[in-house]
There are 2 protein chains.
Amino acid sequence: MADTPSARDRILDAFEELLAEQSERAATLDAVAARAGVSKGGLLYHFASKDAMVDGVLSRLSAHVDADLDRMRSAPEGPVAYFIRTSVPTDNDLERSIVAVARLAQSADSRARDALSAMQRSWLSILESSVGDPLVARIIMLIGDGMYYNTALLPDTNAVLRSETDMDRVIELVKRLADS
Amino acid sequence: MADTPSARDRILDAFEELLAEQSERAATLDAVAARAGVSKGGLLYHFASKDAMVDGVLSRLSAHVDADLDRMRSAPEGPVAYFIRTSVPTDNDLERSIVAVARLAQSADSRARDALSAMQRSWLSILESSVGDPLVARIIMLIGDGMYYNTALLPDTNAVLRSETDMDRVIELVKRLADS
DNA sequence: GTCTATATTGCGATAGAC
DNA sequence: GTCTATCGCAATATAGAC
């Protein structure tokens with residue numbers, strides 16, 4: 001199953017990768033088709049328009065976010081630590097999906113913006129339940145947003161948090177905010 | 001002087017506005033020329049290529065950032081409070097310039113990315129001098145980045161910090177981090 | 001389901017008149 | 001310094017063969 005992804009999945013993978021690794025402009029039908037190993041005509045059989053492809057990555061994001069929210073709610077270390085730890089640049093499906101949708105949002109795609117807003121509201125809601133103080137929850141969200149922003153906008157350049165020790169200290173500092 | 005901006009300045013204004021208010025794709029030569037009140041040929045007399053126009057907005061950013069760094073260093077409330085206060089969405093030349101360049105950076109323009117990186121390094125350096133602890137300085141930067149990110153990516157949607165009271169409390173909380 | 005044309009539009013840039 | 005007209009190209013999308 002994971003060995004032979006369908007053409008449809010390979011196309012969405014290619015679209016997300018080009019968006020996230022390069023730019024919205026680079027993610028042309030030609031480039032997506034080439035990376036997915038199909039012709040442009042083949043691509044357009046599966047997705048009748050570029051818009052349909054956007055819908056595809058948006059529903060993928062939605063699925064990844066739902067799974068992440070579950071993990072966040074039941075994280076052993078608690079939602080705050082989970083949120084901070086998973087905001088640091090890694091290389092997983094959720095992050096790639098978020099960066100891809102962020103690029104679409106930059107191109108004035110209102111559906112993409114709505115999807116990102118909804119994701120933020122969900123995170124914020126869990127953080128608020130966890131820390132009590134809405135303003136502290138918002139500050140924690142902003143720290144996470146800042147990390148994603150640096151990942152999406154300034155790949156390579158950003159040495160956000162270098163070590164595990166740094167990460168542990170950030171979580172400790174942030175938790176102290178919550179207890180004040 | 002402010003009454004009759006030169007065609008050159010009107011073109012850069014129009015380019016920045018289209019980038020910031022709409023998207024990189026919307027900022028075509030046609031659209032910029034129309035907004036600036038010149039023809040496409042007229043535009044291309046002042047800027048031989050779109051790339052030259054990008055250079056124009058990058059030097060504007062550089063000038064705005066230099067002025068901001070001076071204000072930050074000499075802010076009566078201190079650099080930290082100044083930085084946090086000016087990270088909240090407002091409507092000034094610096095912010096419009098940053099958002100415009102952020103859009104260019106999203107389009108894989110390495111010069112734009114370098115300019116944003118340099119800006120961040122300058123801010124961070126002042127914050128580090130001010131708070132001592134490099135990790136706390138980085139956290140403060142991330143909060144500011146988060147605010148800019150929300151402004152640039154999700155206009156309207158983002159209710160970052162609603163009131164003056166919220167802002168004052170954020171600054172107080174952040175300063176407490178610095179003193180721990 | 002996947003391919004090769006091809007139609008069509010929109011963009012960046014050039015040429016040359018005024 | 002500013003204009004109109006036009007070239008060349010790249011991108012989305014369609015048509016129809018296999």
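A, B, ... follow the sequence lines: proteins, then strands. Residue 1 opens every chain.
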Item to complete: Look at B:Asp114 together with B:Arg121 and state whether they make a salt bridge at an N to O cut-off of under 4.0 Å.
Response: no
Worksheet, complete the sentence: In whole angstroms, the gap separating P of D:dA11 from CZ of A:Phe47 amounts to 20 Å
Worksheet item: Atom CG of A:Asp30 and atom P of D:dA10: how far apart are they, to the nearest Å?
Response: 10 Å
Discussion item. For B:Asp109 and A:Arg25: C-alpha separation, side-chain torsions, deciding distance, then whether salt bridge (charged side-chain N to carboxylate O under 4.0 Å, His left out) applies.
Written reply: CA-CA 11 Å; B:Asp109 188 307; A:Arg25 277 194 115 101; over 6 Å; no
Worksheet entry | Carboxylate-amine/guanidinium contact B:Asp70 B:Arg73, below 4.0 Å | yes
Worksheet item: Quick one: B:Arg8 CZ to D:dT2 C1', roughly how many Å, whole number?
Response: 17 Å
Item to complete: Find the distance A:Leu29:CG to C:dT9:P and express it as a whole number of Å.
Response: 17 Å
Discussion item. On DNA chain D, compare the nucleotides closest to A:Thr28 and A:Gly41; which residue's is nearer the 5' end?
Written reply: A:Thr28
Worksheet item: Which whole-number value in Å describes the distance from B:Lys40 NZ to C:dG16 P?
Response: 18 Å
Practice prompt. Find the distance A:Asp9:CG to C:dG1:P and express it as a whole number of Å.
Written response: 14 Å
Discussion item. Is B:Tyr45 close enough to D:dG1 that one of its side-chain N or O atoms is under 4.0 Å from OP1 or OP2 there?
Written reply: yes
Worksheet, complete the sentence: Atom CG of A:Leu43 and atom C1' of D:dT12 are separated, to the nearest Å, by 11 Å
Worksheet item: Quick one: does B:Glu16's side chain have a donor or acceptor within less than 3.5 Å of a partner on B:Ala100's backbone?
Response: no
Response to the item:
Whichever of B:Arg10 and B:Arg25 has the more 5' nearest nucleotide on DNA chain D, that residue is B:Arg10
Worksheet item: Between A:Val38 and B:Lys50, which has a closest nucleotide on DNA chain C that is more 5'?
Response: A:Val38
Worksheet item: If you look at every strand shown and take non-hydrogen atoms under 4.0 Å, does A:Leu44 touch a base, only sugar-phosphate, or nothing?
Response: base
Worksheet entry | Main-chain N/O of B:Ala105 paired with B:Arg113 side-chain donor or acceptor, under 3.5 Å | yes
Worksheet item: Counting side-chain heavy atoms from C-beta on, which of D:dT12, D:dG1, C:dG12 comes nearest to B:His46?
Response: D:dG1
Practice prompt. Nearest whole angstrom, please: distance from the C1' of C:dC11 to the CD of A:Glu24.
Written response: 14 Å
